[in-house]
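Accompanying notes for the structure given below.
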Amino acid sequence: MIPTSMLAKRLLTSEYMRRKPVLSHSPLMFPTIPAIVVSVLVPAFFAQAQAQTTASRTFEEDLVLRQKSNQTKADDKNAPTTVQSERLWGRPERFIHFENDVEVVKGATTMNADKATYRFLEDEVDAEGKVSLQRNGDCYKGDSARIQLDSSSGNVINPVYKLLRNNAQGKAEKIDFIDEERSVIHQGTYSSCDGLDPDWYLRAETLDLDTGLDKGIASKSVLYFLGTPILATPSLTFPLSGARHSGFLPPVFGASSKGGAEFALPYYFNIAPNRDLTLYPKVISRRGLQLGAEGRYLGETYRGETSLEGLNNDRVTNTNRYALTSVHQQQLLPELALNWNLNYASDDNYPSDFSNSITKTSQRLLLRDINFTYTGSFWNLNLRASNYQVLQDYAAPIDRPYDRLPQLQFHAEQHDVKGFDWSADAMLTRFWHPTQVRGDRLVLNPQVSFPMVEPGYFVVPKVSLHATTYQLSNIVPGQDPNFHRVVPTFSVDSGLVFERQSSLLGKEVTQTLEPRLFYVRTPYREQSNFPNFDSGVADFNFAQIFSENRFTGQDRIGDANQITAALVSRYIEMDGEERLKLALGQRFYFNTQRVTLDNVNSPSRSDLLLAASGKVSPTLSADAALQLNQSTHQSVQASYGIRWQPEVKKILNLSYRLQRDTLKQLDISGQWPIANRWYAVGRSNYSLMDKRVVDGLVGFEYKADCWSLRFLAQRFAVNSTNNNSGFSIQLELNGLARLGIGNNPIEALKRNISGYQPISER
């Protein structure tokens, strides 16, 4: 070990010169010590008077500390530089030359070489012969290297490199290090594939890598896939870790039966970490140039997303066509929130002509809604304005809902106030319609209940009052514009819970038996002359049979003298997981219901509801729901489903849905490996009544070590008589980009196949 202080330096030099005098300009030769490793603290060798103590760090720890980049850089600059070798010689205050198993370490930088020279004035190291360099976990091997230790600048000649952050590797003629974060690769390659012959790689004249900005820029680059050039570009920007960066996104080619061939070249603006904007011009061969933009933003008290797209002079319709969607949420004050949801289309057929998703083409009511909500300690006040744009399918027209211009709603509730729960609702709404009766409606609905809940039973009596007043306009001459109604309701909800130890499929479980009775008494009030702004018959299901009113909305309050009986049994495993649930329920009427919307009298009892759901095994689950008419003994509604998922990325779904005289559909979907690295994906939603595919897709996926390939064909109904179809091809290069034809198939697969997992994910 060579001492490092100025005093030690002078003692060492004096002692050596007494043994062997040297000329002032001749090199200072140190004897070769073959069996001993010599360590030299280079920065302090002829400069530092004070000693420094710096704890050593692993590269992994250093990468974690890079989150505090400014502090880390200061630590690295002040860190000592340690050099080890078997032989060294040099000139005082000028240079030291090291030979045989040389290792230079400073902070997160380590260099190994056969030979190295340290120059004091420049504070840099030149190395040659089997050079290996590690910087913050990144590895470089080349013929020679030069590193300026303080600034971390330098270069490596003929390197092969490996980047830790994104598992990328390649080779080059030269790599220049600008500083700790920036480097330039000259005449090099870049790939996330392992091995000397990667499946894909990017060859570029220069590759500028900036780990601080997490960005790479390739100039005059060509992308090779399986040895074949597939894309050439004068400039290509890509993230080093999958993060978002501004620049052109990969071009998108596609085709559909509605628009023909399509080509889009999106541009992405990464405005800020919490804001971005995407511009997506698209050429549609049959229609023209479509321009679109999508902006997203996110803050501590707000978030939102807005998209706008349009087509000037559609060549098919000879009209200008466009669509807008905007969603926003914001906390203006700690108690005050603002929300809006705005949607607009230029014409009835816009979604069906320009969408590649049944979830968009099936939207025929476009909501425009804006509301403010003020929240107090136990109450809230909401001011809302909303209406709908109706996209008509003239083969199956629908009615336009009423606009709320505006609606003011107050709600308050408290629990366990001397044993009582109470709530109060007040709602004042102005309803508007271009052709039908309009008016103002005021609703008051206070409720009080006294819950009695114990471990084995519960009883909850409740009393409520529904008071409504109307003031109408746009009515028939002579009709009374004012209507009033006050309806009280009394209900009692009760149930028991029994438990016993049992077994299911050879496992010990806890079986429960939960009978439940729900009684409702609401007197009859004449309402046939009342307007109907927002009421309808509620869907009949297990949630609805335990509600006081059989209608949705506030315009119809159903008379009731009825009791609902239900029985539920659960099988719960020792770890708390519910393995099986069985349920049945039915409502019994003690008098004939007189308040109706469809002039159909109810029978003495409702349809019978049956439901079952559970896990047959850890990989197989099933559920079923059935509504049986007690007069005809036929099923009114039914749904059955089975899911089998033995492993990750292996799933099969089968379901059947029935609505008597309306709907009968069979849905099959899945993702399954069919050969080494090959997966089949598909879905078919088939209408047994119409004898056609409502929505369907089929495709294949291939998973390699560093890339994935997808083929997908899709067909879906855009209205009651027409279908649209298209296809997608996508090549995903891990760590670089997704290239393809058609829309993103991953989004389509996630939307259509329940439980689908992209094969590129671990």
Side-chain angles (χ1 to χ4, degrees), residues 244 269-278 293-309 323-345 359-360 363-390 400-417 421-433 438-449 464 466-468 533-536 538 543 547 549 552-555:
R244 299 176 291 118
F269 291 95
N270 186 33
I271 301 172
N274 62 334
R275 294 181 181 88
D276 62 16
L277 174 67
T278 305
E294 179 182 38
R296 301 182 300 176
Y297 49 90
L298 173 66
E300 293 183 0
T301 60
Y302 62 89
R303 64 180 354 178
E305 180 177 342
T306 298
S307 61
L308 173 66
E309 62 183 29
L324 168 70
T325 298
S326 179
V327 178
H328 178 83
Q329 302 173 9
Q330 184 170 358
Q331 199 72 31
L332 300 175
L333 298 171
E335 303 84 5
L336 182 63
L338 165 66
N339 297 274
W340 74 61
N341 185 356
L342 306 176
N343 300 272
Y344 186 79
T359 58
K360 294 183 178 180
Q363 292 182 5
R364 299 176 59 189
L365 293 175
L366 302 185
L367 174 66
R368 296 87 170 263
D369 179 272
I370 182 170
N371 66 83
F372 294 87
T373 302
Y374 190 91
T375 304
S377 57
F378 62 90
W379 58 273
N380 62 73
L381 184 66
N382 180 268
L383 177 62
R384 175 187 181 191
S386 66
N387 68 358
Y388 290 90
Q389 179 186 2
V390 180
R400 170 178 173 165
Y402 274 89
D403 300 340
R404 291 175 168 87
L405 303 173
Q407 175 177 281
L408 182 63
Q409 183 174 2
F410 173 83
H411 173 77
E413 67 174 273
Q414 284 185 307
H415 298 278
D416 198 17
V417 181
D421 294 347
W422 69 269
S423 68
D425 290 277
M427 188 185 306
L428 177 61
T429 311
R430 169 159 290 181
F431 291 96
W432 188 91
H433 196 281
R438 307 164 193 160
D440 301 331
R441 184 187 69 192
L442 174 63
V443 176
L444 300 176
N445 183 210
Q447 304 179 48
V448 179
S449 63
S464 64
H466 197 285
T468 315
F533 294 136
D534 62 1
S535 281
S547 61
N549 191 16
T552 61
Q554 306 292 334
D555 293 313

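- Counting only distance, with no hydrogens or angles, the side chain of Arg368 and the backbone of Leu342 share no donor-acceptor pair below 3.5 Å.
- For CZ of Arg384, the number of neighbouring non-hydrogen atoms (other residues, nucleotides, ligands) closer than 6.0 Å is greater than 12.
- Between Asn380 and Thr375, the side chains place no donor N or O within less than 3.5 Å of an acceptor N or O (distance only, hydrogens not considered).
- With a 6.0 Å radius and a threshold of 12 heavy atoms from other residues, nucleotides or ligands, Tyr388 has its OH atom at or below the threshold.
- For the pair Thr552/Asp534, no side-chain contact is recorded, criterion being any heavy-atom separation below 4.5 Å from C-beta on.
- The OG atom of Ser326 sits 8.0 Å away from atom CG of Asn341, with the distance rounded to the nearest 0.5 Å.
- To the nearest 0.5 Å, atoms CG (Leu442) and CG (Leu428) are separated by 5.5 Å.
- Scanning for ring-ring contact (aromatic ring centres under 6.0 Å, His included) contacts around Tyr374 gives Trp379, with sequence neighbours left out.
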Candidate pair Arg441 and Met427, rule side-chain contact (heavy atoms from CB on, under 4.5 Å), full reasoning: CA-CA 8 Å; Arg441 184 187 69 192; Met427 188 185 306; 4.0 Å; yes
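- The OG atom of Ser377 lies 10.5 Å from the CD atom of Glu335; values are rounded to the nearest 0.5 Å.
- For Arg430 (side chain) and Leu405 (main-chain N/O), no donor-acceptor pair under 3.5 Å exists by modelled atom type.
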Worked check of side-chain contact (heavy atoms from CB on, under 4.5 Å) between Leu324 and Thr306: CA-CA 8 Å; Leu324 168 70; Thr306 298; 4.1 Å; yes
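- The backbone N or O of Asp416 lies less than 3.5 Å from a partner atom in the side chain of Asp421, making a donor-acceptor pair.
- In summary, the side chains of Asn371 and Asp369 do present a donor paired with an acceptor at a separation below 3.5 Å, with no hydrogens or angles considered.
- Formation of a donor-acceptor pair under 3.5 Å by the Asp555 side chain with backbone atoms of Phe533 is found in this model.
- Side-chain atoms of Val390 and Pro401, non-hydrogen and from C-beta on, do get closer than 4.5 Å to each other.
- Put simply, the side chain of Glu294 does not reach to within 4.5 Å of the side chain of Glu309, judged on heavy atoms.
- Looking only at distances, a side-chain donor or acceptor of Asn343 sits under 3.5 Å from a matching main-chain atom of Leu367.
- Take Ser535 and apply the side chain to side chain donor-acceptor pair (under 3.5 Å) test, not counting sequence neighbours, and it matches no residue.
- Donor-acceptor pairing under 3.5 Å is recorded for the side chains of Thr429 and Gln407.
- To the nearest 0.5 angstrom, Leu365 atom CG is 11.0 Å from Asn387 atom CG.
- Between atom CD of residue Glu413 and atom OG of residue Ser423 there is a gap of 6.0 Å, rounded to the nearest 0.5 Å.
- Rounding to the nearest 0.5 Å places CG of Leu366 at 11.0 Å from CZ of Arg364.
- Partners of Gln330 under the side chain to side chain donor-acceptor pair (under 3.5 Å) rule, at least two apart in sequence or in another chain, are His328.
- Judged by distance alone, with hydrogens and angles left aside, the side-chain atoms of Gln389 form a donor-acceptor pair with the main-chain N or O of Ala345 at under 3.5 Å.
- Annotation for Pro406 and Leu383: closest pair CB-CD1, 4.2 Å, computed over non-hydrogen atoms.
- Using modelled atom types and a 3.5 Å distance limit, the side chains of His411 and Gln409 yield no donor-acceptor pair.
- A side-chain N or O of Thr468 and one of His466 form a donor-acceptor pair less than 3.5 Å apart.
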Chi angles and distances behind the side-chain contact (heavy atoms from CB on, under 4.5 Å) call for Arg404, Phe431: CA-CA 5 Å; Arg404 291 175 168 87; Phe431 291 96; 4.1 Å; yes
